[in-house]
Novice: 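One structure is given below, represented as structure tokens, and several questions about it will come after.
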Amino acid sequence: MPQPPQDAEARRAVAPVICYPNQTLPRPAFRPDAAQRAQLHPVSSVTVPAREAACFHVRAGQIFRITCTDGPQVGDLNLWNAHDLHERFYSGKTRALHGSHVSNGDRLWSGFPTLRPMATITHDSLDWYGIDAYGGAVHDVIGTRCDPYTHMLLSQAPYHHCCHSNLTRALAAETGLSLAEAEAHVHDVLNVFMCTGFTRDTGQYFMKASPVRPGDHLEFFAEIDLLGALSACPGGDCGAEHSSDTAACHPLRVDVYDLPGGALEGWAEPPLNPYDRSHGTESGG
């Protein structure tokens, strides 16, 4: 290791600058108040079995809620435009705009070239958790999803009920795509209920037992028509491991609701990103 320069401490002491100040982001055009949330009308419900995934559909202007039902359980969430799988949730840009973990009022953004809000978080029963003494927080957009490829590298053995494979099977079954076609659309996730952070000494991604308990939920307002897929992670509460047939695992439930009549008056679906895609050329495209 090279010797530090004489001004090493001065270099380290330089104050950070936020990469993407988000004060100028378009604010949600609609967020339900307490009275509207109390009048939600149930439309559909999907139970996601432990160590499996399931798909669900949400129309623009509806609410969907992910609920812990039986015991502490983490879920991996993918979202797509219901009419075009190429428009999908972009966890990296969501992280850059809102932070490593998301909660009330934060939005889940789609990738390029659309880059628009797909869903807005309207209620988080774990919002109280904050950031703990280890630097851990809940609902992260830093982890990728447990997958069979990394598992093979680290354990030299196949594992087929990791979240990547669960989501692939669920999407293939829902859409009629082949496994290979569906896998290409599976993407980095929102880790619902997962408690994570980075170690201070090595900077490694860590997980710890989720604080979620039965009845806790994360709720979203759908900004566009959505196809969602949720995997009930084989790590259970992810307090010990995340690709396992021995961890205690539980189902999760996704409920879809209509808002009371008149609640959406004046609301409109977010437009596509207005960038002209010219990339510095005269004609673009």
Side-chain angles (χ1 to χ4, degrees), residues 18-31 53 55-64 66 76-122 139-145 164 167-168 170-172 174-177 181-192 218-231 254 256 259 264 266-285:
I18 299 298
C19 291
Y20 294 97
N22 60 16
Q23 292 86 348
T24 59
L25 278 178
R27 296 302 167 187
F30 173 79
R31 286 183 64 185
C55 287
F56 58 94
H57 290 264
V58 192
R59 294 195 314 272
Q62 289 183 318
I63 295 285
F64 68 100
I66 299 172
D76 284 38
L77 177 67
N78 268 189
L79 293 176
W80 299 269
N81 180 329
H83 311 292
D84 179 7
L85 294 182
H86 292 95
E87 182 177 9
R88 64 194 193 188
F89 170 53
Y90 186 2
S91 67
K93 189 57 69 177
T94 299
R95 177 174 66 249
L97 293 172
H98 295 296
S100 59
H101 299 76
V102 293
S103 187
N104 289 317
D106 292 332
R107 313 181 85 178
L108 306 188
W109 295 79
S110 64
F112 306 147
T114 53
L115 192 60
R116 60 173 171 167
M118 303 180 76
T120 299
I121 297 176
T122 53
H139 314 308
D140 85 69
V141 280
I142 48 179
T144 55
R145 62 199 176 274
H164 178 86
L167 293 166
T168 297
L171 183 62
E174 182 70 20
T175 61
L177 295 171
E181 291 169 329
E183 184 176 23
H185 292 288
V186 172
H187 50 279
D188 285 352
V189 297
L190 167 59
N191 283 306
V192 178
L218 187 63
E219 182 184 283
F220 306 81
F221 175 71
E223 304 277 1
I224 64 173
D225 290 346
L226 294 171
L227 169 62
L230 181 68
S231 172
V254 182
V256 178
L259 284 150
L264 293 174
W267 174 81
E269 183 176 309
L272 300 178
N273 190 278
Y275 178 63
D276 64 8
R277 304 183 70 184
S278 62
H279 303 291
T281 66
E282 291 184 5
S283 58

Novice: Looking only at non-hydrogen atoms, find the nearest pair between Ala29 and Trp267 and report the distance.
Specialist: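 The pair with the smallest heavy-atom distance is CB-CD1, 3.8 Å.
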Novice: Nearest 0.5 Å, please: how far is CD in Glu174 from CG in Leu167?
Specialist: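 Separation between the atoms: 12.5 Å.
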Novice: Answer whether the closest heavy-atom distance between the side chains of Leu259 and Ile63 falls below 4.5 Å.
Specialist: yes
Novice: Start with the C-alpha distance between Phe220 and Thr120, add both sets of side-chain angles, then the distance that settles side chain to side chain contact (heavy atoms under 4.5 Å, CB included), and finish with yes or no.
Specialist: CA-CA 5 Å; Phe220 306 81; Thr120 299; over 6 Å; no
Novice: Counting heavy atoms not belonging to Tyr275, are there more than 12 under 6.0 Å from its OH?
Specialist: yes
Novice: Let me know which of Ile121, Thr122, Leu218 forms a side-chain contact (heavy atoms from CB on, under 4.5 Å) with Asn104.
Specialist: Ile121
Novice: Could you walk me through whether Asp140 and Ser100 pass the side chain to side chain contact (heavy atoms under 4.5 Å, CB included) check?
Specialist: CA-CA 6 Å; Asp140 85 69; Ser100 59; 5.9 Å; no
Novice: Can you name the closest pair of heavy atoms from Ala229 and Cys55 and give their distance?
Specialist: CB-SG, 3.9 Å
Novice: Any heavy-atom pair between the side chains of Asp188 and Arg145 that's under 4.5 Å?
Specialist: yes
Novice: Could you state the interatomic distance from CG (Leu177) to CG (Leu85), rounded to the nearest 0.5 Å?
Specialist: 6.5 Å
Novice: Sort out for me which residue in Arg107, Arg116, Arg31 forms a salt bridge (Lys or Arg N to Asp or Glu O under 4.0 Å) with Glu223.
Specialist: Arg107
Novice: Measure from the side-chain N and O atoms of Thr168 to the backbone N and O of Ala182, and report whether any donor-acceptor pair falls under 3.5 Å.
Specialist: no
Novice: For Ala119 versus Phe64, what's the shortest heavy-atom pair and its separation?
Specialist: CB-CE2, 4.3 Å
Novice: What distance do Arg277 atom CZ and Phe112 atom CZ have between them, rounded to the nearest 0.5 Å?
Specialist: 11.0 Å
Novice: Among Glu87, His86, Arg88, find the one that has a side-chain hydrogen bond (donor to acceptor under 3.5 Å, both in side chains) with Asn81.
Specialist: Glu87
Novice: Atom OG1 of Thr144 and atom CG of Asp76: how far apart are they, to the nearest 0.5 Å?
Specialist: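 Output value for this atom pair is 8.5 Å.
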Novice: Do the side-chain N and O atoms of Asp225 and His83 include a donor-acceptor pair separated by under 3.5 angstrom?
Specialist: yes
Novice: Give the intermediate values and the outcome of side chain to side chain contact (heavy atoms under 4.5 Å, CB included) for residues Leu227 and Leu171.
Specialist: CA-CA 9 Å; Leu227 169 62; Leu171 183 62; 3.8 Å; yes
Novice: Check the angle between the aromatic planes of Trp80 and His187 and answer parallel, tilted or perpendicular using the 30° and 60° thresholds.
Specialist: perpendicular
Novice: Could you walk me through whether Leu230 and Ile66 pass side chain to side chain contact (heavy atoms under 4.5 Å, CB included), step by step?
Specialist: CA-CA 9 Å; Leu230 181 68; Ile66 299 172; 3.8 Å; yes
Novice: I need the single residue from Pro28, Ser110, Pro270 that forms a side-chain contact (heavy atoms from CB on, under 4.5 Å) with Pro117. Which is it?
Specialist: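 With Pro117 as partner, Pro28, Ser110, Pro270 yield a single side-chain contact (heavy atoms from CB on, under 4.5 Å), made by Pro270.
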Novice: Between Asn22 (side chain only) and Leu25 (backbone N and O only), is there a donor and an acceptor less than 3.5 Å apart?
Specialist: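 Flag not set: sc Asn22 to bb Leu25 has no pair under 3.5 Å.
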Novice: Show the nearest heavy-atom pair for residues Val189 and Ser91, with the distance to one decimal.
Specialist: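 Heavy atoms of Val189 and Ser91 come nearest at O-CB, 3.9 Å.
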Novice: Are Asn273 and Thr114 close enough that some pair of their side-chain heavy atoms sits under 4.5 Å apart?
Specialist: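 No - every pair of side-chain heavy atoms lies 4.5 Å or more apart.
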Novice: Once you round to the nearest 0.5 Å, how far does CG of Asn78 lie from CG of Leu226?
Specialist: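 Nearest 0.5 Å value for the CG-CG distance: 12.0 Å.
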Novice: Might you point out which heavy atoms bring Val141 and His101 nearest each other, and give the distance in Å?
Specialist: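 For Val141 versus His101, the nearest heavy atoms are CG2-N, 4.5 Å.
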Novice: To the nearest 0.5 angstrom, please state how far the CE atom of Met118 sits from the CZ atom of Phe89.
Specialist: 9.0 Å
Novice: Determine the minimum heavy-atom distance between Pro21 and Ile18, stating which atoms define it.
Specialist: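 Scanning both residues, the minimum pair turns out to be CD-O, 3.7 Å.
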